[in-house]
Amino acid sequence: MLAAREQAMGTDGYLAYGRQDIDEADIAAVARVLRSGFLTTGPEIPAFEAEFAAYTGASHAVACSNGTTALHLALDALGVGPGDICIVPTITFMATANAARYCGADVVFADVDATSGLLTPDTFREALTRAGRWAKAVLPVHLAGVQCDMEAIHAIARKAGLKIVEDSCHAAGSVRADGGMAGDARWCDAATFSFHPVKTLTTGEGGMVTTNDPALASLMARQRSHGIERDPSRFQRAGSAHEPWYHEMASLGWNYRLPDINAALGRSQLARMGQFAVKRRALTAAYREHLAPLSPLVTLPADPAGQNPCRHLMNVGIDFAAAGRSRADVMQALKARGIGSQVHYIPVHAQPYYRALYGDQHLPGADAHYARTLSLPLFTRMEESDVVRVCTALSEVLG
């Protein structure tokens, strides 16, 4: 078994931009399921859902195969379809917009704050004006774990009659200024999560939708399994209650189920979320301290007032022009020093698929954010000495 430091760094000491944190309890949880009678559609799923709902403060949680299917299930259950428009901030992973397209809806891309990369009330209003009366839903994205101003966005959306699906795939463990946890569904119809390996909590691959609406939760649970209904009280066919094998396909759903193996890993990880959040906040504080001498060439976006994010990404802003180095040159120079980095994200409106659909668009906040952003290593097995190493290397590279 690899030691903790070897797991974090690899045997060559390379610092990736993100990495999972797996311990012996996680391995034991998965092994327990492998020895059980269930590998999928077993007792780990409802247990994980109940524990995750309790953690976020939501009334219901529906587990699924990944964060993309979580978005698709939520929009489908809310009735998004052809003729509708979903408003999506353009700084996000493309799955946020793609989920609307899976439902047959169109996308209006909203601009973002140039520094934070977040959808703001003002950029939401501007996008809503462009969407017009066909606007059906808005999908605020809590980039890097920092949450949007959901109270203000909620007020605008409800006045316009829009549904709200929070893309909280980066935000597990983040706390808002009002004290609510990301995913508590206080300011939305549904919130979605991803449990990809680089996320704060991982199931390998997996996702979750939280909601306070029991009917919505029930529909998503049905849709994740081919639209099959197994509750005899809902069957139309006479005598079916006496036929234990009988089921009905009530609607066209998908195979978006999460296996019990993954759910067991998720439950074990969830038990350590408090530790993960403390460590990520400590590493964020260390970055703020050790990046300070590089300001204004390098900046870390400030947390909104009162928020306590659990950062998924250390997405800093760098004035590459002032440094006289291209972003690609900086990334290669860091890699040569054993330090990984990544870019989150190329604005989705600039992707060829969406340019072919909607033409070229000018979203200046997003363009400015993209021009400066670079994600540095952040994961829980790092120590402050690793942060110092990254910041020292970045200082050397930028000159």
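Source: prediction; values computed, not measured.
By the 4.0 Å N-to-carboxylate-O rule, E205 lies too far from K199 to be salt-bridged with it. For the pair E396 and R325, the salt-bridge criterion is not met [side-chain N within less than 4.0 Å of a carboxylate O]. Salt bridge annotation for R32-E44: present, with a cationic side-chain nitrogen under 4.0 angstrom from a carboxylate oxygen. Contact check on E248 versus R230 returns no salt bridge, with no Lys/Arg side-chain nitrogen under 4.0 Å from an Asp/Glu carboxylate oxygen. The existence of a salt bridge linking D386 and R381 is excluded, since no basic side-chain nitrogen approaches an acidic carboxylate oxygen closer than 4.0 Å. Under 4.0 Å is where a charged nitrogen must lie from a carboxylate oxygen, and between R288 and D303 at least one such pair does. Electrostatic pairing of D111 and R130 does not count as a salt bridge here, judged by no charged N lying under 4.0 Å from a carboxylate O.
Ring centroids of Y354 and H349 are separated by 6.0 Å or more, keeping the two rings apart. Taking the six-membered ring wherever Trp is involved, the centroid distance between the rings of F276 and H312 does not fall below 6.0 Å.
Between the side chains of T380 and D21, at least one donor N or O sits under 3.5 Å from an acceptor N or O. With hydrogens and angles left out, the side-chain atoms of S251 and R222 include a donor and acceptor closer than 3.5 Å. No hydrogens or angles considered: nothing links the side chains of N315 and T373 as a donor-acceptor pair under 3.5 Å.
We find the CG-OG distance between L334 and S341 to be 5.5 Å, quoted to the nearest 0.5 Å.
Ring geometry, F93 versus Y345: the interplanar angle falls from 30° to 60°, so the pair is classed tilted.
Under the salt bridge (Lys or Arg N to Asp or Glu O under 4.0 Å) criterion, E289 pairs with no residue at all, not counting sequence neighbours.
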